[in-house]
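Notes follow the structure.
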Amino acid sequence: MAKLGELIELNVVTSTFKSLVDRIIGNPQFSQQAILMSLWGVMVCCARLSLFPNTSKGHVLEKHMNDLFIRLENTSPDNEEDQRTIATAASWLGRPCPFAPHYRANVSKRQSDFRNQLQSCIPSLRIEEEKSLNSLPPVDLLLPDHNMVIEVQGPSHYVGTAKT
């Protein structure tokens with residue numbers, strides 16, 4: 001579903017999502033995995049729509065996101081990726097996450113080097129690493145006194161899953 005947003009007109013995407021989500025919501029036999037995949041797809045489309053100014057389609061898809069979220073509200077998946085999908089949806093919708101998702105802290109050498117360099121330039125700067133905010137995946141660096149987050153991009157974001 002997320003790929004649809006890249007290929008066709010936004011109004012077609014919205015009506016397609018409405019049809020798909022209505023089918024999922026109306027059918028109690030859909031698997032949890034099918035609902036999770038649909039939720040992820042709707043979130044990706046909402047994120048893409050948010051990039052277009054004056055788009056009023058976002059609120060329609062957010063209603064679909066909420067309907068899918070409700071179907072998953074009383075679940076606690078073991079799969080970390082599924083937990084992240086539900087936690088992200090909860091945060092997007094301004095709802096509490098139904099469980100405490102588990103995230104592995106990964107500090108890359110590039111991140112550590114950047115943190116050390118930043119700290120040496122501004123010794124009084126308070127920096128928190130791998131900080132999770134509102135049940136979302138952890139950010140690389142948080143500067144709480146400045147309400148700022150820094151994500152250090154490196155090869156690990158584009159190749160494999162291990163940070164280097």
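In this chain, residues are counted from 1 in sequence order.
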Could you tell me if the side chain of [Y] sits less than 4.5 Å from the side chain of [X], heavy atoms only?
| X | Y | result |
| --- | --- | --- |
| L143 | I127 | yes |
| I35 | L68 | yes |
| D113 | Q117 | no |

query: Which distance, rounded to the nearest 0.5 Å, do you find between the CG of N116 and the NZ of K109?
result: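 That separation rounds to 9.0 Å.
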
How would you list, by chain and number, every residue that makes a side-chain contact (heavy atoms from CB on, under 4.5 Å) with [X], sequence neighbours excluded?
| X | result |
| --- | --- |
| E129 | V107, Q111, R115, L141 |
| P96 | none |
| S120 | none |
| R126 | E128, P144, D145 |

- prompt: Tell me, which pairs form a side chain to side chain donor-acceptor pair (under 3.5 Å) where one or both residues lie in residues 81-92, sequence neighbours left out?
  reply: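 Qualifying pairs, neighbours excluded: E62-W92.
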
- request: Indicate if V152 and L118 have the same hydrophobic cluster label, given that clusters are the connected sets of ILVMFWY residues with side-chain heavy-atom separations under 4.5 angstrom.
  value: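 Same cluster.
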
Salt bridge R71-D67, side-chain N to carboxylate O under 4.0 Å: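 Answer for the salt bridge query: no.
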
field: Partners passing side chain to side chain donor-acceptor pair (under 3.5 Å) against N66 (at least two apart in sequence or in another chain)
entry: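 Result, side chain to side chain donor-acceptor pair (under 3.5 Å) vs N66: R95.
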
task: In sequence, state the C-alpha distance, the side-chain angles, and the governing distance for I150 and F114, and then conclude on side-chain contact (heavy atoms from CB on, under 4.5 Å).
output: CA-CA 10 Å; I150 299 173; F114 181 80; 3.9 Å; yes

task: Mind listing the closest non-hydrogen atom pair of F69 and I86 along with its distance?
output: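 That would be CE1-O, 3.7 Å.
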
